Amino acid sequence: MLSADFVIATAVGYVGLLFVLAFFGDRRARANTKSFLHSPAVYTLSISVYCTSWTFYGAVGNAARSGLEFLTIYLGPTLVFVGWWFLLRRLVRISHNQRITSLADLLSSRFGKSNRLAVLVTCIAVIGIAPYIALQLKAVTSSIQTVAGASEFGQGSLAGIDDVGLAFGVAAAMAVFTILFGTRHVDAKEQHHGVVAAIAFEAVVKLAALLAVGIFVVYAGGGLEPIFTRASEMGVGLQPDKGFDDRWLTTLALSVAAIVCLPRQFQVTVVENSDENHLRVASWAFPAYMLLMSLFILPIAMFGLITLPAGSNPDMFALTLPMAFGQDALALFAFIGGFSSATSMIILESIALSIMVSNHIVMPLVLRFSSGQGSGDGQGVSHLLLVARRFSIVLILSLGFFYFFFTRDSDALAPIGLISFTAIAQFFPAVLAALFWRDASLRAATAAIAVGFVVWVWCSFLPSFESVSPAVATLMREGPWGIAWLRPEALFGFDGLDPLSHAAFWSLTLNVVTLTVVSLLTKQSSLERIQATLFVDVFKRGHTAQGNFVRGSATANDLFFVAERVLGERRAAALFETAARDIGVEPDQLEPSSKFIGELERELAGSIGAASAHVMLSKVVSGSDVSLEEVMQMADETQQVIEYSQQLEKTSAELRSTAQKLEDANVQLRELDSQKDEFLSQVSHEVRTPMTSIRSFSEILLEPEGLDAATRQHFVSTIHQESLRLTKLLDEILDLSALERGERAWDNAPIDAESALDRALRVCDALLRERGMRVEMGDRAQATMVEGDADRLCQVFINLVSNAVKYNDAAHGVVRVTSSVRAGSYIVDIADNGPGIPKRERKLIFEKFSRGEHGASDQSGAGLGLAISRQIVARMNGTLDLVQGPLPGACFRVRLPVIR
C-alpha cells in the first residue's frame, strides 16, 4: 500500500532525475548544435507543456461533469498548429529577427519599443497566471492527499498537515526547484536547452502514465463497449445537452488564444525555437500528441463514475482507479505523470514570467536610477537579472499560493484554468494587430489590453472569491451600490449566458472595439511606423538587421562596457571581434557604425528585452553630441523605411491592377477568338450557297444535250444572279471588316441629312412599286446639317427602307418615314406595318448574318445590312436602334448630332 512519505520521496527522486537531465542536456546542447536536443521531436515534446495537471486530472473531471467540453481544450491548439503557416511561422520569424524574449517583448517591440506597454503586459500576465499556478498546486496537493487519505498508514509524516500547509510546502519546493532549474545563467537568446530537454522527458512520462491508466481501465472494465454500455445502463452519459453551446465555443476560442499567448507556450514555441522548419513537424506531431492524451479520457471518466463510490472526486479518477483495484505501482506511475504535468508547467511558466518581470520592470528601473552603463554594483547586469528573476519566481509562486489559499474550497480544476485563459486571451487581439495591421498604434494596444483586463477582473477574477468573501457574494448578487446592471455576471444587463462566456464576450468585445477605434483616431510615432513595417512585412524584407541609432560619439569601449555587463565578457568580445574582422581592422581600432550599434541592440534585446536594450544604448549613444548630418541621416533612414513601405503597397496595388487587366484581356481574347470562329463559319456557309448553285448549273451547261434555248437562258441567268449575290456578299464582308478594323478611309464632312434621306427614298421607289407598297410621309425636318458621308448615310436609309419592304407581308404594305430635330439631334424613324421583329430576336438583329425568321419573303440577303449600317452611323457619331414605332411592324431610328 502506498504511503505519502514514499510518494513524496519518489517525487523528490524524480525531480532529481529531471535536474540531472537538464544539467547534462544543457551542456550537450551548447557543445553540439546538431545534437538530438535541437531536433523537431524534442521541440514538439516541449510544446506539450500545454498539457498540465489540468489536462492530466482535470480533463477526466471535466468529462465526468460536462461531457465532451474537455475536447475544446485540445481542438483550439490543433487549429493553430495545423494552420502554423498563417500565424506561428510569422511569430517565429519576427522573434528570430528581433531577438524577442517574451510576449511582452513582442508587443513592446512592435509598438515603438514601449516599456510602458511591456510593464502592463507583464503585470497582467503575472496576475492572470496566478489562478493557473494555484491550479497546479491544488492538483499536486490533492493527489498527495488522495494517496495519504487511503489509509492511516498512508498519511505518514503528513499526519496533521492540512491542505494549506501541504500546498505551501509544494510551492516552496517548486520555487527552489525552478530557481535551480531556470536561473543558473542569463542566455543571450533566452533559450534554455536543458530545461527543454527535461520538459520533453516529462512529456513522455505523463503521456505514458495516462495511457497506462487508460489501458488498465479498458482491461479492468472488459473493453470499451462494456464500459459505455454499463454507464448507459446506470444513467451515466456524456450529457449531450451541454455540448456545442456558447460555453463550448467560448472555451474553444480561449484555447486558441492560450496556445499563442500563454507565457510558457510563447517561450517554448517561439523563443526556444532554433529552426523555423521545426514548426512543420510540430504542426502534425503536437496535435497527434494531444490526440493520444485525450484517447482514454472518456473511458476513465465513465469507468470512475460507475465503479467508484458516489461523491468521489472525478478530478482524481486517474489516480484513485488504480488504487481501488490494488494497482499501487500503476497508481504511483499515475501520480508521477500528474506531478510531471504540474512541475513542467510551473517551471516553464515561472521562468517565462520571471524573464518578463526582470526585463521589463526591474531593468528599466535600474536604467532610470543608474548612470546607464550597468547596475553600478560591480557585478554586472547579468547578476542583477539573475537575482531579479529568482525573486520574481518566488513572487509568482507566492501569488499562486495565495490564490489557492482563498479559493481552495472549489471542487473542480477546469474553472480555475479557464479564468487564466480568459485573462491571457486579452493579449490576442493586440498580437494579431501587431502581426497583420500596419496602422495599429501603441495607444490603441495599451488601451485595449487595459480595458480587457479591467473587465476580466470584474467579470471573471472577482467572482472566483464569491465563496470566501461575503462582500463579493453581495456584489455578485446585487451589484455595486445596488446597481443591478453592473453585476459581474450580468454586465450591462446582459444575462443568460454562462459566466465564462459572459466574461469572455464582454472583455474581448470591448478589447477589440477599443483597439480598432483608438487606432483609427491616433497617429503612430516614427519608431512605431518603422517597427510596424518590420513586423507586417517580415517575409518581404528577409533577415535584414535594423538599427534605429546614429553613431553619436560613443566609443567602442563604451559599447563594449555595456555589452560585457549584459552578455558576458566572452560573448561581448566575440561580437566585437567579428564586427572588426568584417571591416578589416583590429578590435581596438573598431569604430562603431550605426549598423553595428543596431546589431548590438538586437543582441542585448535577446537578454534584457527590446525596450530595455533600446533605452540602455540610447543613454550611451546619445550621451554625446550628434552632428546635424547624422540627425539628417536618421531622418533619411526613417523616411526610406516609410517610403519603402508605401512603395510596396503601391507596387502591390499595381500588380493587382495589372493582373486584373490581363485577366480581362484574356477573357476578351477568348471571346474574340470565339467570334472569329463563328464569323468564319457563317461566311463559309453564306459563300457556299451561291457557289454551289453556280457549280451545279455550270455542270449542267457543260452537257448541252437535251437543253432548249429557254432553259439554257434560264440557267445562265441564274448563274449570273448568283454571281452578283456572291459578289455583293463578299463586298459586304470586306466592307464590314474594314469598318470594324478602322481600315476604311473615312472623312466626315458637313452634309444635308434630309437630302440624303430624299435620295434614298427615290432609289427605293421602284422597289416599293414592284411590291405594291406605298410610302407614308410623316413630319419632316427642314434641311439639317450633320457630320458624315452623304453616300454612306444614303446607303443606311436605303437598307432600312428595303428591309421594311422585303420583310413586309401585309396585304397593303406601308412604310412610314418621319424626320425631326430634337435636343440637338437629327432623328429619322423608318417604320412599317409588317410582322415586326419577335422579342427574342431583337438583341440579335444587329449581329452579323442575323436575319429575321418571320415575314421574310426574300431571304437572299446575307444578314449583314444592319450590322454595316450600325457601323456607318457609329462612324458619324450617331446611333441606330430598334424602337417602338407608330405602326405594328418594326421601326428603326437613326440619330445623328446636328452641327448647326
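Just so it is clear, the values below take in all heavy atoms, side chains as well, and ignore hydrogens, waters and symmetry mates. Values in this document were obtained by computation on a predicted structure and should not be read as measured data. We're numbering straight along the sequence, starting at 1.
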Got a donor-acceptor contact below 3.5 angstrom from the Y43 side chain to the E272 backbone?
no
Are F70 and W54 an aromatic pair, judged by ring center distance below 6.0 Å?
no
For a quick test of your reading: what N or O donor-acceptor pairs under 3.5 Å do the side chains of residues 398-405 make, sequence neighbours left out?
{"unit_1": "S398", "atom_1": "OG", "unit_2": "V394", "atom_2": "O", "d": "2.6"}
{"unit_1": "Y403", "atom_1": "OH", "unit_2": "S464", "atom_2": "OG", "d": "2.8"}

Does any N or O in the side chain of R389 come within less than 3.5 Å of the main-chain N or O of I351, such that one atom is a donor and the other an acceptor?
no
Which is it for F286 and W84 under the ring pair (Phe, Tyr, Trp, His ring centres under 6.0 Å) test, yes or no, and what are the steps along the way?
CA-CA 11 Å; F286 180 57; W84 66 279; over 10 Å; no
Show me the donor-acceptor pairs within less than 3.5 Å that the side chains of residues 329-340 make with the rest of the protein, sequence neighbours left out.
{"unit_1": "S340", "atom_1": "OG", "unit_2": "Y14", "atom_2": "OH", "d": "2.4"}
{"unit_1": "S340", "atom_1": "OG", "unit_2": "I336", "atom_2": "O", "d": "3.0"}

Donor-acceptor contact below 3.5 Å, side chain R89 vs main chain L279:
no
Backbone N or O of I346 within a donor-acceptor pair of the Q136 side chain at under 3.5 Å?
no
Examine distances only and state if a side-chain atom of T52 and a backbone atom of S341 form a donor-acceptor pair shorter than 3.5 Å.
no
Using only atom types and a distance under 3.5 Å, with no angle test, would you say the side chain of H360 pairs donor to acceptor with the backbone of L117?
no
Side chain to side chain, F81 and W284, heavy atoms closer than 4.5 Å:
no
Quick check, are the ring centers of Y57 and F317 under 6.0 angstrom apart?
no
Taking the side chain as everything from C-beta on, heavy atoms only, tell me whether L107 gets closer than 4.5 Å to R110.
no
Are M363 and S358 packed together at the side-chain level, in the sense that at least one heavy-atom pair is separated by less than 4.5 angstrom?
no
Donor-acceptor side-chain pairing of T343 and E202 below 3.5 angstrom
yes
Does any part of the side chain of V268, heavy atoms only, come nearer than 4.5 Å to the side chain of I199, both counted from C-beta?
no
Is there a side-chain contact between S102 and Q267 in this structure, where contact means two heavy atoms from C-beta onward sitting under 4.5 Å apart?
no
Please check: side-chain N/O of S53 versus main-chain N/O of F56, any donor-acceptor pairing under 3.5 Å?
no
D105 and S109: side chain donor to acceptor below 3.5 Å:
no
Less than 4.5 Å apart, any side-chain heavy atom of V82 and any of S283?
no
Is there side-chain contact between I133 and M345, with heavy atoms separated by less than 4.5 Å?
yes
